[in-house]
Amino acid sequence: MERFRLGGVPGVTPAKWLRVWRERVPDVPAVLVQIDEADPVAALREGRADAVLARLPIAGDDLHVVRLYDELPVAVAAKGHPIVAFEAVTSADLEGEAMLDQGTMTLAQLLETVATGAGIAIVPMSVARALGGPDTRSRVVTDRPETTIALVWLQSEDSPLHQEFIGIARGRRAGSSRGDREHTVEPGNAATGAKPRPSKPKPKPTANRPRRRGGPGRSGRPGPGGRR
């Protein structure tokens, strides 16, 4: 494989993982390919991507699907909307509001419509951050389910490069065995999963050595029993 084409739905930000990839697999460049949210698997079947970062659920018995992380749902409104006064909202808070569905629009078009004040849309937080623009504001909806980003690829196209990317995304260190596939990302670097380096233990204080009789005291004067 001359290059590894990674498809990404709107909102995904694999920049850290791609940076680690360049360090570990310098001979095979990885490129990010923007794909349609509505049918990410089409990019695999049509040969436009070797793997895709997509939102679950994904249908297909011929696919490998590896869950990576979850996203919070947010309500996106025009910047002057009353919900902006809240730090977070619930579904009950949105009752009576004009709610917009994506329908045949792209996510970018949906949020452009929200910016006009036509209504509110609920999308993953990453989408709101990537596509919201300066005329929208978002607030977490605390009682709505999260969405999940997964790495997906065709079983027939499985390769060591796919396993290498999974290792990077899950925080496996370079050179670790495949048997470590269940490794989860620990607190620390989100791209590598490296744990914070523990601080070095402080050296134990040395016991005070008894002063030799006749030796100088702390003040430099002769100690007890010394010559005067």
Review point. Taking atom CG of Leu107 and atom CG of Asp36, what is their separation to the nearest 0.5 Å?
Key: 9.0 Å
**Study point:** Within one Ile-Leu-Val-Met-Phe-Trp-Tyr cluster: Ile122 and Val76, side-chain cutoff 4.5 Å
**Key:** no
Review point. Which pair of non-hydrogen atoms, one from Arg139 and one from Phe86, has the smallest distance, and what is that distance?
Key: NE-O, 2.5 Å
Exercise for review: Hey, could you give me the OG1/CG distance between Thr136 and Leu131, rounded to the nearest 0.5 Å?
Suggested key: 9.5 Å
Check your understanding: In terms of hydrophobic clusters joined by side-chain contacts under 4.5 Å, are Val89 and Leu111 together?
Key -> no
**Study point:** Same apolar cluster: Val12 and Leu56, side chain cutoff 4.5 Å
**Key:** yes
Practice item. Look up atom CD1 in Ile35 and atom CD in Glu46, then write down how far apart they are to the nearest 0.5 Å. Key: 11.0 Å
Revision key, fill the gap. What one should report as the nearest heavy-atom pair of Ala75 and Leu94 is CB-CD1, 4.2 Å
Exercise for review: Looking only at non-hydrogen atoms, find the nearest pair between Ala77 and Ile83 and report the distance.
Suggested key: CB-CD1, 3.9 Å
Review point. Could you give the distance from CD1 (Ile168) to CD (Glu164), rounded to the nearest 0.5 Å?
Key: 5.0 Å
Exercise for review: Enter the distance from Leu6:CG to Leu151:CG here, rounded to the nearest 0.5 Å.
Suggested key: 6.5 Å
Review point. Of all residues at least two apart in sequence or in a different chain, which pass the side-chain hydrogen bond (donor to acceptor under 3.5 Å, both in side chains) check with Thr90?
Key: Asp93
Review point. Using 30° and 60° as the class limits, which term best fits the ring planes of Phe165 and Trp17: parallel, tilted or perpendicular?
Key: perpendicular
Review point. Partners of Arg5 by side-chain contact (heavy atoms from CB on, under 4.5 Å), sequence neighbours excluded?
Key: Arg3, Val31, Val33, Asp50
Check your understanding: Do any N or O atoms from the side chain of Arg137 and from the backbone of Pro134 form a donor-acceptor pair under 3.5 angstrom?
Key -> yes
Review point. In terms of hydrophobic clusters joined by side-chain contacts under 4.5 Å, are Val9 and Met125 together?
Key: no
Check your understanding: Taking the six-membered ring for Trp, are Trp153 and His64 parallel (under 30°), tilted (30 to 60°) or perpendicular (over 60°)?
Key -> tilted
Check your understanding: If you measure only the distance, is there a donor-acceptor pair under 3.5 Å linking the side chains of Gln163 and Asp158?
Key -> yes
Exercise for review: Mind listing the closest non-hydrogen atom pair of Pro40 and Val52 along with its distance?
Suggested key: O-CG1, 3.9 Å
Revision key, fill the gap. Note: Leu32 and Gly8 closest approach over all heavy atoms is CD1-N, 4.2 Å
**Study point:** Any Lys16 side-chain heavy atom under 4.5 Å of Val20 side chain
**Key:** no
Practice item. Evaluate whether atom CD of Glu87 has more than 12 neighbouring non-hydrogen atoms of other residues, nucleotides or ligands under 6.0 angstrom away. Key: no
Review point. Is there a path from Ile58 to Leu44 through hydrophobic residues (I, L, V, M, F, W, Y) whose side chains come within less than 4.5 Å of each other?
Key: yes
Revision key, fill the gap. To the nearest 0.5 Å, atom CG of Leu161 lies from atom CH2 of Trp21 at 4.5 Å
Practice item. Apply side-chain contact (heavy atoms from CB on, under 4.5 Å) to Arg45 and list each qualifying residue two or more places apart in sequence or on a separate chain. Key: Val41, Asp62, Leu63, Leu154
Only distances under 3.5 Å count here; give the side-chain donor-acceptor pairs of residues 66-74 to other protein atoms, sequence neighbours excluded, each with its distance to 0.1 Å.
unit_1: Arg67; atom_1: NH2; unit_2: Thr148; atom_2: OG1; d: 3.3
unit_1: Asp70; atom_1: OD1; unit_2: Thr148; atom_2: OG1; d: 2.7
unit_1: Glu71; atom_1: OE1; unit_2: Arg55; atom_2: NE; d: 2.8
unit_1: Glu71; atom_1: OE1; unit_2: Thr147; atom_2: OG1; d: 2.9
unit_1: Glu71; atom_1: OE2; unit_2: Arg55; atom_2: NH2; d: 3.1
unit_1: Glu71; atom_1: OE2; unit_2: Ser126; atom_2: OG; d: 2.4

Revision key, fill the gap. Residues passing the salt bridge (charged side-chain N to carboxylate O under 4.0 Å, His left out) test with Asp39, sequence neighbours excluded, are none
Contacts under 3.5 angstrom, residues 96-103 side chains, donor-acceptor by atom type, not counting sequence neighbours:
unit_1: Glu97; atom_1: OE1; unit_2: His81; atom_2: NE2; d: 3.0
unit_1: Gln102; atom_1: NE2; unit_2: Met105; atom_2: O; d: 2.9

Check your understanding: Do you know the tightest heavy-atom contact between Val65 and Ala150?
Key -> CG1-CB, 3.9 Å
Check your understanding: Short question: side chain of Asp143, backbone of Ser91 - any donor-acceptor pair under 3.5 Å?
Key -> yes
